[in-house]
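This report refers to the structure that appears directly beneath it.
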Amino acid sequence: MEFGMILILFVASIPTILAEDISYGTIVVDGTTSIAQTDDNFVCATIDWWPHDKCDYKQCSWHYTSTIILDLSHPILTKAIQAFNRLRIRIGGSLQDQVLYNVGNLKSPCHPFRKMKHGLFGFSKGCLQMKRWDELNHFFNATSVMLTFGLNALYGRHKLKGSLWGGEWDSSNAEDFIKYSISKGYQIDSWEYGNELSGNGVGAHVHADRYGKDLIHLKKIIKELYKGSQFEPLLVAPGGFFNQQWFTKLLQVSGSNVLDAISHHIYNLGAGSDPKLVSKILDPNHLNKVANTFINLARTVQTHGPWSSAWVGESGGAYNSGGPHVSDTFVNSFWYLDQLGMASKYHTKVYCRQTLIGGNYGLLNATTYVPNPDYYRTTKYMEKLFKKLKRSIRVSDIDTQIRVVNLKGEE
């Protein structure tokens with residue numbers, strides 16, 4: 001894994017090397033020292049809740065890729081996931097905190113998402129039927145998926161002022177949902193609590209001290225429900241944008257050994273409608289700016305929560321569904337590979353790409369399911385490239401000489 005991480009950094013640097021008018025280059029690799037280590041299942045992709053009528057910039061790019069209606073029988077989808085050997089999938093997204101689970105003593109009506117003028121993100125609450133949950137788990141089991149599921153952290157709460165939500169979190173629906181999953185024998189690797197509610201939030205936010213107390217409560221539920229089980233899922237949170245003061249408070253309030261992984265989101269390319277999107281992707285100076293986020297998060301975890309690991313729970317480059325005719329093309333790979341390398345360097349254990357399918361930034365096309373260019377940066381095809389590169393390296397005690405492919409594609 002250490003060698004793979006170094007090679008990710010190397011591959012990410014190729015565009016810069018090839019931009020120069022040279023055919024050869026020298027890269028020094030210290031094979032005796034590791035910078036950092038990722039988890040074995042470092043690469044992750046997301047499946048979102050957005051319905052087909054979620055639109056940005058007068059374009060509706062999600063089609064029928066929602067968790068609730070995604071075609072699980074599509075042969076390309078199955079093969080695309082199996083190619084990873086064991087892919088981590090995170091189910092979550094903006095509508096996560098409006099999802100109701102139709103199980104147990106649910107206190108609210110359970111209807112599909114629909115457009116609602118004053119609803120959070122312009123939509124009503126939505127429903128996950130247990131029949132669909134069964135279908136998802138049977139599919140994930142058949143494709144060897146490692147699942148991270150994002151729970152609703154606003155259930156029972158109410159809006160106070162602006163985007164601030166208050167009141168006690170009602171854990172009953174989540175607890176019934178977890179109980180159902182256990183009764184069915186579903187293997188959930190990790191439960192993630194909430195989506196983008198940290199700091200000032202996106203659409204909604206919750207104070208860090210309240211959030212920290214919720215995590216203590218949820219951890220207790222998980223431990224009690226999985227008592228005697230050989231496998232206890234991890235607890236992951238908050239799945240939001242990094243705010244150092246808020247994240248620090250969260251770790252201090254929740255305390256030791258409650259939060260197993262602290263997850264954050266990154267959209268460092270800005271809006272998908274930005275006419276300068278391609279220029280940002282190809283600008284190393286712009287890409288390097290996000291390093292401060294990784295550095296500061298790593299320090300926060302080390303100082304206030306060394307029992308936790310850092311995850312990128314969602315990263316799609318450009319927000320609002322990505323950039324049309326950019327996020328699904330070859331040029332986007334320069335951003336993607338750069339960020340995979342950067343995340344690895346700063347002790348990130350898991351990196352979830354937004355999305356596996358859906359929006360303009362999907363690894364798979366939202367209508368045909370055919371892989372987009374970035375798909376090939378993450379599957380066994382990259383592993384084959386790593387092995388090929390490794391065989392071509394002459395390792396000495398001091399450095400490594402690597403022959404760089406020139407602009408004509410000749411070795």
| message | According to side-chain hydrogen bond (donor to acceptor under 3.5 Å, both in side chains), who are the partners of Asp170, at least two apart in sequence or on a separate chain? | response | Lys107, Ser172

| query | Are the side chain of Arg353 and the backbone N or O of Tyr361 linked by a donor-acceptor pair below 3.5 Å? | reply | yes

| said: Under 3.5 Å, is there a donor on one side chain and an acceptor on the other for Tyr101 and Gln129? | reply: no

| note | Between Gln339 and Val290 the two heavy atoms that sit nearest each other are NE2-CG1, 4.2 Å

| task | Using the six-membered ring wherever Trp is involved, compare the ring planes of Phe113 and Phe123 and label them parallel, tilted or perpendicular (cut-offs 30° and 60°). | result | perpendicular

| request: Indicate yes or no: does Asp56 engage Lys58 in a salt bridge with an N to O separation below 4.0 Å. | output: no

| message | Strictly distance-based, threshold 3.5 Å: is any side-chain N or O of Lys280 a donor or acceptor partner for the main-chain N or O of Leu287? | response | no

| task | Applying salt bridge (charged side-chain N to carboxylate O under 4.0 Å, His left out), run through Glu168 and Arg157 and close with a yes or a no. | result | CA-CA 6 Å; Glu168 295 286 340; Arg157 289 196 163 107; over 6 Å; no

| Does a side chain donor of either Gln98 or Ser124 reach within less than 3.5 Å of an acceptor in the other side chain? | no

| What's the spacing between Leu95 CG and Lys125 NZ if we round to 0.5 Å? | 13.0 Å

| message | Heavy-atom count check: over 12 atoms from other residues, nucleotides or ligands less than 6.0 Å from Lys79 NZ? | response | no

| note | Of all heavy-atom pairs linking Cys352 and Gly313, the shortest is CB-O, 3.2 Å

| field | Nearest atoms (heavy-atom pairs only) where Asp48 meets Trp62 | value | CB-CZ3, 3.7 Å

| Can you tell me if Ser321 uses its side chain to pair, donor with acceptor, with the backbone of Asn360 under 3.5 Å? | no

| said: If you count every heavy atom of other residues, nucleotides or ligands that lies below 6.0 Å from Tyr57 atom OH, does the total exceed 12? | reply: yes

| query | Can the ring centres of Trp311 and Phe42 be said to be less than 6.0 Å apart? | reply | no

| Inter-residue atom distance Phe247.CZ - Ser263.OG, 0.5 Å rounding | 7.0 Å

| message | Please check if the number of heavy atoms outside His74 that lie under 6.0 Å from its NE2 is greater than 12. | response | yes

| Would you call Asp209 and Lys249 a salt bridge, taking side-chain N to carboxylate O under 4.0 Å as the test? | no

| query | Does the separation of the ring centres of Tyr211 and Trp169 fall below 6.0 angstrom? | reply | no

| request: Mind listing the closest non-hydrogen atom pair of Asp374 and Ser333 along with its distance? | output: OD1-OG, 2.5 Å

| task | Tell me yes or no: between the side chains of Ser315 and Tyr351, is some donor less than 3.5 Å from an acceptor? | result | yes

Without placing hydrogens or testing angles, list every side-chain donor-acceptor pair under 3.5 Å for residues 174-182, not counting sequence neighbours.
{"from": "Asp176", "atom 1": "OD2", "to": "Asn105", "atom 2": "N", "distance (Å)": "3.3"}
{"from": "Tyr180", "atom 1": "OH", "to": "Asp134", "atom 2": "OD1", "distance (Å)": "2.9"}
{"from": "Tyr180", "atom 1": "OH", "to": "Asp134", "atom 2": "OD2", "distance (Å)": "3.0"}
{"from": "Ser181", "atom 1": "OG", "to": "Trp133", "atom 2": "NE1", "distance (Å)": "2.9"}
{"from": "Ser181", "atom 1": "OG", "to": "Phe177", "atom 2": "O", "distance (Å)": "3.0"}

| request: For the pair Asp260 and Lys219, find out whether any cationic side-chain nitrogen is under 4.0 Å from an anionic carboxylate oxygen. | output: yes

| message | Whether the Gln96 and Asn152 side chains hold a donor-acceptor pair (N or O, under 3.5 Å, no angle test) is what I'd like checked. | response | no

| Is any side-chain heavy atom of Ser66 closer than 4.5 Å to a side-chain heavy atom of Ile47? | no

| salt bridge (Lys or Arg N to Asp or Glu O under 4.0 Å) pairs, two or more places apart, involving residues 322-333 | none

| Mind checking whether His264 and Phe242 have parallel, tilted or perpendicular rings, split at 30° and 60°? | perpendicular

| said: Counting neighbours of NE2 on His286 that are heavy atoms of other residues, nucleotides or ligands and sit closer than 6.0 Å, is the number greater than 12? | reply: yes

| Distance-only, no hydrogens or angles: does the Lys349 side chain make a donor-acceptor pair with backbone N or O of Gln37 under 3.5 Å? | yes

| query | With a 4.5 Å heavy-atom cut-off, do Leu251 and Thr300 have their side chains touching? | reply | yes

| query | So, Glu224 and Lys227, do they make that salt bridge, N to O below 4.0 Å? | reply | no

